[in-house]
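Here is the structure we will look at, set down as structure tokens.
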Amino acid sequence: MRPDTPAENVDHPTEAARLERTAGLYPEDAEALLLQAAAHRELSGDRPAATALYDRLLASSHPLENPHLVRALKASNLWEYGHEAEARAIIDGVRAAGPRDPAAWVIVAEALEQHDELQAAQETFSEGATLLIAGEAQPPQSTHALLFGRHRVRRMLGAAHDEWDLLADTLHDLPVSLDELHDPKRIWSLGSDNPAELQAEISRLRAELGAFRQALSRPFPVAVLHWPKEELTELLAAYPTLETEYPSHEEHLATTERSLRELAASGTPNLGIVTGTVPSYEAFAASEASSPSDPALLPQYATTLAARGRARQWPPQHGTACWCGSDAPYETCHGGEA
């Protein structure tokens, strides 16, 4: 892949296969090449294949340069396709090992953050910072992501600035301040239909692009909101007025699949599914100064989750688990419906 190739124009399965072949020819470079291949597998939606590459590296007879990074990436990938318990166990192991590589700390902390484990994410960022940064007035560039991630999570938690947050502000050199970039209301504002707010957000995103180029290089999909059974039960117990939107969990799953098929039939490209949680939805409602019982918030919430990179591709690839959370392949579960 040429370095100037836009991410959305990359044939990820082909690029992954090329890197895997190259790794076979140059075993001394296999770690770096297979990590890149695994990233392409993840981007293509083939997360089991990415896990297989991480396992291949961890089972290799050749010592790895950064085994903790490989384990962190594996944990993050596993959690994204439903293997939460195994992912948590790996994350706990990485934290206990105390790696000296900041990337491993950032990846496990962001995995926790992505799944709304904000307190645990803050603790993980702080553990990494304590180990790698404590006492340094000018920490190395590679550790800045630890401080920036910690700052972001603490803003989401509503925590007051401490010394490390002030250090992060000092190290941040983009035109838009960290406080503005990490403002919870700003994070949710991507779902706004106010032209002035959207224009302001575009300006902020342009400034942020330098730090998050890879994450922002792919357009977020048109996404439909999915609630796991336990989350939907909790949601309806707290906000019974939403029962008109969700008569039952079975009907909700059927409606989700039907909506996606209708969008596909209408020619809408780049479809996805986002999974809601009650704490995340309540935080979104608070940022909108609205009540979670308002059904009009639901599509805005889905759009915002997609903008944050939380969407999974629909339809899932052949042989992968159904989006509904069952262990059955998609084609024999909701994908097999007429």
Side-chain angles (χ1 to χ4, degrees), residues 28-36 38-39 42 47 50-81 83-157 159-172 178 182 211-212 214-215:
E28 67 277 12
D29 296 325
E31 182 174 351
L33 291 167
L34 292 180
L35 285 179
Q36 292 181 54
E42 290 192 35
R47 292 190 176 276
T51 295
L53 290 176
Y54 295 133
D55 287 339
R56 175 178 163 184
L57 281 170
L58 292 170
S60 171
S61 59
H62 298 283
L64 296 177
E65 182 180 341
N66 198 337
H68 298 302
L69 175 61
V70 178
R71 292 188 179 93
L73 289 166
K74 178 183 175 181
S76 177
N77 180 57
L78 283 169
W79 203 337
E80 288 300 321
Y81 72 105
H83 296 267
E84 178 180 344
E86 185 178 356
R88 286 183 180 276
I90 296 172
I91 288 172
D92 289 344
V94 171
R95 293 173 66 179
R100 306 299 300 187
D101 173 36
W105 287 102
V106 170
I107 289 165
V108 295
E110 288 185 346
L112 291 164
E113 179 188 356
Q114 285 293 313
H115 293 276
D116 295 313
E117 301 279 352
L118 297 182
Q119 188 61 46
Q122 178 195 223
E123 292 169 2
T124 304
F125 278 122
S126 296
E127 289 168 10
T130 299
L131 182 65
L132 302 175
I133 299 175
E136 294 193 32
Q138 291 295 326
Q141 179 73 34
S142 61
T143 64
H144 290 185
L146 277 172
L147 291 172
F148 296 159
R150 183 179 181 275
H151 184 287
R152 179 179 62 250
V153 170
R154 286 171 57 80
R155 286 284 280 133
M156 293 292 288
L157 289 169
H161 270 35
D162 61 10
E163 291 184 4
W164 273 344
D165 290 325
L166 295 175
L167 178 57
D169 287 332
T170 301
L171 296 173
H172 176 75
L178 277 184
H182 296 163
F212 300 102
Q214 184 176 3

Mind running side chain to side chain contact (heavy atoms under 4.5 Å, CB included) on H62 and E31 for me, showing each step along the way? CA-CA 9 Å; H62 298 283; E31 182 174 351; over 6 Å; no

For the residue pair [X] and [Y], establish whether any side-chain heavy-atom pair is separated by less than 4.5 Å.
{"X": "L53", "Y": "E42", "value": "no"}
{"X": "Q122", "Y": "M156", "value": "no"}
{"X": "F125", "Y": "E113", "value": "yes"}
{"X": "E127", "Y": "L131", "value": "no"}
{"X": "R95", "Y": "W105", "value": "yes"}
{"X": "R152", "Y": "E110", "value": "yes"}
{"X": "L112", "Y": "E123", "value": "no"}
{"X": "V153", "Y": "Q119", "value": "no"}

Measure the spacing between [atom1] of [X] and [atom2] of [Y] and express it to the nearest 0.5 Å.
{"X": "H68", "Y": "R100", "atom1": "NE2", "atom2": "CZ", "answer": "11.0 Å"}
{"X": "T143", "Y": "I133", "atom1": "OG1", "atom2": "CD1", "answer": "4.0 Å"}
{"X": "L146", "Y": "T130", "atom1": "CG", "atom2": "OG1", "answer": "10.0 Å"}
{"X": "L166", "Y": "L171", "atom1": "CG", "atom2": "CG", "answer": "11.0 Å"}
{"X": "I91", "Y": "T124", "atom1": "CD1", "atom2": "OG1", "answer": "7.5 Å"}
{"X": "R71", "Y": "I90", "atom1": "CZ", "atom2": "CD1", "answer": "8.5 Å"}

Do the side chain of S60 and the main chain of R56 share a donor and acceptor less than 3.5 angstrom apart? no

Backbone N/O of A72 and side chain of S76: donor-acceptor pair under 3.5 Å: no

Given the options D92, L69, V94, V108 meets side chain to side chain contact (heavy atoms under 4.5 Å, CB included) only with V94

Who pairs with A168 by side-chain contact (heavy atoms from CB on, under 4.5 Å), at least two apart in sequence or on another chain? L147, F148, H151, L178

For R154 and A160 the tightest heavy-atom approach is NH2-O, 2.5 Å

Over all heavy atoms of both residues, which pair between P99 and A104 is shortest? Give the atoms and the distance, please. CG-CB, 4.0 Å

Under the ring pair (Phe, Tyr, Trp, His ring centres under 6.0 Å) test, residues paired with W164 that sit two or more places apart: none

Could you please spell out the steps behind the side chain to side chain contact (heavy atoms under 4.5 Å, CB included) verdict for R47 and T51? CA-CA 6 Å; R47 292 190 176 276; T51 295; 5.5 Å; no

